[in-house]
Every structure is written in structure tokens, then in C-alpha cells.
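Since the structure comes first, as C-alpha cells, the remarks are kept for the end.
Here is how names work: the chains are called A, B, and so on, in the same order as the sequence lines, proteins then strands, and each is numbered from 1.
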Amino acid sequence: CSSVAPKYVYTPLNHLKDGTIVNLYGVVKFFKPPYISKGTDYCSVVTLVDPSNVKLTCSLFSGNLDSLPKIYKVGDIVRFHRIKIREYNGQMQGITSGGFASLTFDGTVGAPVVPRTSSRVYTFMEEEQKTVEELRIWAASNISISGPAAKLSGVQPMMFFDLTCQLVGKAKVDGSSFLLKVWDGTKCPYPTWKVPVEAKDLEGEKVLLHQLRNLVVDILVYDNHVRLAESLKIGSFLRIYSIHTKQASADNEDVSHIEFHLHGGTCYGRGIGVLPESNPDVKELKAFLESVDLTESQNMEICMVLFHLSVYCFAVLTDHQDLSNTELKTITNSPAPQQYRIRAKLRSYKPQKLHQSVKLHCSKCNSLQEVPDIDDFDIILHNSAGTAPNPELHNTSWYESVTWTTQDQKKREIAIHFVKRDEMLQHPEDTLLMIEGGTVKEIWKLAKRFKCVIPVRSTKDDLELLDLSAPFLLQGNVKYYGCKQCSTPKPMKNLSSIAAEQQPSWEPTEIAQVLGIELLQYVFIMKFTLVDETGTLNAYLFDYEKFFQIPASEILTSNFLQQKMQMTMNTLCPPGRKLGDLPWLECFIRSYNVRDAMKNQVCYQIFDTTVADDVV
DNA sequence: GTTTAGGCTTTG
């Protein structure tokens, strides 16, 4: 007896006869992924169609899940051996018989023809390959394979869809329902419900579940799906068929959320399929999941890097064209207040050290103060480091906290609170963070990498700002201060209202406002001594940014801007020149009265004047 | 040896 492979004969679906056992090919038009039947076996119902355009629905049973056809989507192609044909309700029906075996192929034209099977031995040769390829081409124009697939990012409040995803957690809920926690790397655009379960009932990597909590959705599966769901392995890739999204709201919620249900029963192919890692959709999903930017870990990483570093190394143009020039003598002889246009020379100015011209101004109480020394900030930070971060204030609805202890001898406790938007952490360049226990150097570095940094300390029930001699906010190179007189610091949680905005811009003025801080403005204050043929006049420059085209807030931390300002002054008032050789300036001044107890004095201020770009 | 389901319109 020779061991030649038997020659199989395949019956077209329009030639099936009651009571026969046949071999056949078909394209999957509909299927129910294997589920636990009410009997002793798994069951899978598969409807096939072939170029004869006859449909055949098969009920396939097996005690062994693996020996049922591995169908993943409509359009897959199957080859059944030894399937029994019976007539039922006037139609042919296929049913497993002894020795049933199946091969399944991806139905995509051009995809490799690789059979999915549990049989160790099967015949598959050139002729079979040709049959599969022909069926693929036929199916391509005769079967609609556009299933109701969706990504979590594409779900709507009321739909049924198939989800390809990874299982990251599961939990018992009650006898008739079971919870699956899954993700596909995209974010559901609606708030999603969280099914309350006992911590001890939740299976899955806790750290991962926490990390992914904004991307994971809870799917509640019912009745006949429960037993299969229980048997699923964490980490496995699933396709869950015909998930129902439902909009609902709980009593304690202001906004409605989306619920994901896999209802009981199997109509519409409702069920759960486990996909192997070799599945092309799984390969694609895996690659995507690996690329998902977990901003949280990114933020954390940047902080770690920064902290490790610090541990281990230790002619003047004008508006107002209607005004004509006025001689200085006329101005000094006239009562205030008035506005003038003048043509004069800048004989001298104060302060000579330009950085000394920068002050902080409160527009509410009109006070001026020196910019605090950086050492003051260091002292304040040092003093507040005595207050340990309060763990009860960590991880609230609007920020995410990380803490650690520095590795140096000081063993400082550091807590960083990243403000979230819409439950999600943002990219570092958009993130506002609050820090406890940092040094000036560390805070400075953080301010360069993150949108804003606010140094805080813990109290019993909230985070609070430090002493207002310290900057209450750092953004890039700029330190923002509040007026001690006019500020009434409010709880840090007021920031959450900004965090809830569509796209928080984190403007210092807005932050200051919600925190009850009267923001101090950086200004240049200078005294210009102006002369013309008729006399001399001292005029003050009070300028935020217009005169030099340099923001006063940035000059202290920029050598480049300091040089630019020095060059401007050297052009307006070249050192070592005789008066006659100085350039003429045109600018606007206004006179005003300053009264004190003794006398009334008239002062002059430069206004609405900008040094032209071509002057420098 | 038998039963399971028999897709057909889902919803807790």
C-alpha cells in the first residue's frame, strides 16, 4: 500500500445533497466566533458562499476550541473536510461529523496563502493554493467585507462595532457579567465609564493599568460570554465582535459617559475571538501600541534626567504726527500737564549700568520695587524644603503627582505635580507643573523644558504658593512675581479651571488672576537728560517693552538683549562725544505734576516712542 | 452514543 495523498473532491455549494459527507471551499459571509454552547462543546456558526452564489450555514461543534476554524473576519476563506450535509427548514445545512477538519485563509487578494489550522497533517498543494487565490478574487467583487470595525478614537455614543485590542485587565463583576479592560492605543473621545470592582478581583499588571488608565476602556460582557472572558489571558490580543456603545450618566456625574457592552447571546456574531500574534492586524496593533507616546512617562523621564544631572555635578520714530516740535525752554516754562513733540540731544542717562534700570511695577498700587535677588529665592526654597510633601494632596482629578528622594546626602523629598487637561497629561512644552522641594537650579531647568513651573509647598489641605519674595511662576527664562501689598493668594486648585479649558495657554496674567496674585510687571525706568539750543530737561522713561523693542522681563536673563540695549544707548548717546556731535532725537514727552507736602514739582515722561530698528 | 444551533436584526 503506497502512502500517496488522497485526492480530495470538493463540492460546489449548489451541488450539496442531504445526508452526504463532503469536502468544500467557501468564503465566509458571516460567522460567530467560537463560544461555549449550552451543551458540552464550543460552537461556531459559519455561513459560506461560493461562486455558485449559494449560501451554506454550518453549525460546527467541538470540545476542542482549537479544532474549530480560525476565522477572524468576514471574507476569510475556509476549506472544510468531511462536513455532513443535512436538510433543515428546506435549506441545506452543514454540521460537523467525525473527522471534520478545516483550513482557514486570509481573504485578502495578494496576501500569503498560509493556512490556519490545528491539524498537524494536512494536504495542501499547488491546486489548493490556486483555488484559494481564485476565491479571493471572486470574493473581492462579490462580498462586502467592510465590517463595523472601529478604533476607540472613532466610537460614537450609539453604535455596534468590532474592536481589535489588547487585554490588560479583567475582573469578576457578578454571576452574569464580567469585566474586560482593553486598549487599542487610541483615546475614546468621550468620558468612558469605569465599572466598579473590588481591587482583589482585578487581574492585570497594576502599574500598566495605572499608566494606561486614560486609554483603557471597560467592556462589560454578559451571560454566555462570561466563561470565555474568564479564560482569556492578560496581554492577549482580542477581537471583540459587536460591542455596543451606550450613553449614560450616573447620579454622581455631571456629564454623561460612554459604556461598552457585549450583550448576551450570539446574534450578529456577538462574541470574543483571540487573535494570534502572527495575525497581520495584531502585528499592526502591536507596532502602534509600542509607538504610543505615554506622555506621563516622558514627563517623568525628563524630570529624572534633570534631577540626576543636578545630583551628580554640581532716530526715534513717532506717532502723533499732528504735533510740531516744541523747544525745551518753552516746555519748562509751561504749566503741566501737557504733551509735546521735541527735537533734542541725549546728553546723559541714568543708570549707566543698564540692568539696574529694570524694576518691578504694580499697576494696582503703583509701587516700584527692585527685582529680588536670586539668592532670596534660594533661601525661601531652602526654608520651605522643611515642609515635606503631603501625600494626601497627590494625584487629584486635575494633576498627576510623582515623588522621589534625591540621592545626595541631603535626601530631599521632591514632589512634582503635572497638571492634566481632560484627564490626560500634556506634552512637556504644554504642561504646567507644580514642584515641592526643588532647588533654584532644578526649577530653572524644569522651566526651560515645561510650559510653566510653580514652586509650591504642602499644607494640611492644599498646596500653596511660597512667600511672594519668590517668583510664583517661572516660564522659560522669565520669573513672575506678585505684589505683596495687593495679592491675596488663593488655593492652588483654582488652577484647575484653566486646566479644563480647551487649549490652556497658561498666560501669566490668567494664572495670576485665578491665584489671587497681582502680577508685577517688569519695566525699564531710566532718567534721560535732554538738551536743545534753548535749555535742558530731565525726562523719565517708563517702558515695558516699546521703547527698546525689548521686553523688560527678559533682559536680565539674556546677554544678547543686554548687548542690544547697550548698543541702542551708545547710538543715542555715543560715549566720549562732544555735545555738538551728538545725534538729534525726536520723541514725545508729557509733563505732569508731582505734589508733596512742601512743593509742587513738574516732571516729564517719555511716551509713545520707539527706537527705530535702523538706529542700532 | 447524544447534545450543542439552526446566523437574520442586539441594548443589562
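- Which of B:dT3, B:dG6, B:dT10 sits closest to the side chain of A:Arg270 comes down to B:dT10.
- The cationic atom of A:Lys283 (NZ for Lys, CZ for Arg) does not lie both less than 6.0 Å from the six-membered ring centre of A:Phe237 and within 45° of the ring axis.
- Salt-bridge formation is detected for the pair A:Lys286/A:Glu277: a Lys NZ or Arg NE/NH1/NH2 atom is positioned less than 4.0 Å from an Asp or Glu carboxylate oxygen.
- If you measure from atom CZ of A:Phe260 to atom C1' of B:dT10, you get 17 Å, rounded to the nearest angstrom.
- One interatomic measurement links the two molecules: NE2 of A:His257 to C1' of B:dG12, which rounds to 13 Å at whole-angstrom precision.
- Between A:Phe161 and A:Phe260, the angle of the ring planes goes over 60°, which puts this pair in the perpendicular group of the 30/60° scheme.
- For the pair A:Thr245 and A:Tyr42, nearest-nucleotide mapping onto DNA chain B gives the more 5' position to A:Tyr42.
- When the C1' atom is compared between B:dG12 and B:dC8, the two are found 23 Å apart, to the nearest whole Å.
- When heavy atoms are screened at a 4.0 angstrom cut-off, A:Ile95 is found touching base atoms of the nucleic acid.
- Side-chain to base pairing of A:His263 with B:dG12: one donor and one acceptor N or O lie within less than 3.5 Å of each other.
- Distance NE2 (A:His244) to P (B:dG12): 9 Å, rounded to an integer number of Å.
- Under the stacking criterion of a centre-to-centre distance below 5.5 angstrom and an interplanar angle below 30°, A:Tyr88 sits stacked against the six-membered ring of B:dG6.
- Comparing A:Phe30 and A:Phe61, the nucleotide of DNA chain B nearest to each residue sits closer to the 5' end for A:Phe61.
- Residue A:Asp223 is in base contact, counting any heavy-atom pair closer than 4.0 Å across all strands shown.
- The side chain of A:Ser59 approaches B:dA5 more closely than any other nucleotide in the set B:dA5, B:dT4, B:dG7.
- Residue A:Val22 forms a side chain to side chain contact (heavy atoms under 4.5 Å, CB included) with just one option from A:Val9, A:Ile83, A:Leu13, and that option is A:Ile83.
- Counting non-hydrogen atoms under 4.0 angstrom, A:Ser177 reaches nothing in the nucleic acid.
- Of the P atoms belonging to B:dA5 and B:dG1, the separation is 22 Å, rounded to the nearest Å.
- Separating the CD atom of A:Glu259 from the C1' atom of B:dT11 is a distance of 10 Å, rounded to the nearest angstrom.
- As a whole-Å value, the separation of A:Ile258 CD1 from B:dT11 P is 19 Å.
- At whole-Å resolution of the value, NZ in A:Lys55 and P in B:dG6 are 14 Å apart.
- Salt-bridge annotation for A:Asp281 and A:Lys73: present, with a side-chain N of the basic residue lying under 4.0 Å from a carboxylate O of the acidic one.
- Within 4.0 Å (heavy atoms only), A:Tyr35 reaches sugar-phosphate atoms of the nucleic acid but no base atom.
- In this entry the distance linking CE of A:Met158 with P of B:dT10 reads 10 Å, nearest Å.
- Ion pairing between a basic and an acidic side chain is recognised when a charged N comes within 4.0 Å of a carboxylate O; A:Asp430 and A:Arg421 show no such pairing.
- When rounded to the nearest whole Å, the span between CG of A:Asn224 and C1' of B:dT4 equals 13 Å.
- When distances run from any side-chain atom of A:Lys246 to the nucleotides B:dG12, B:dG6, B:dT4, the shortest one goes to B:dG12.
- Atom P of B:dT2 sits at a distance of 23 Å from the matching atom of B:dG7, rounded to the whole Å.
- The gap from the C1' atom of B:dT11 to that of B:dG6 amounts to 24 Å, rounded to the nearest Å.
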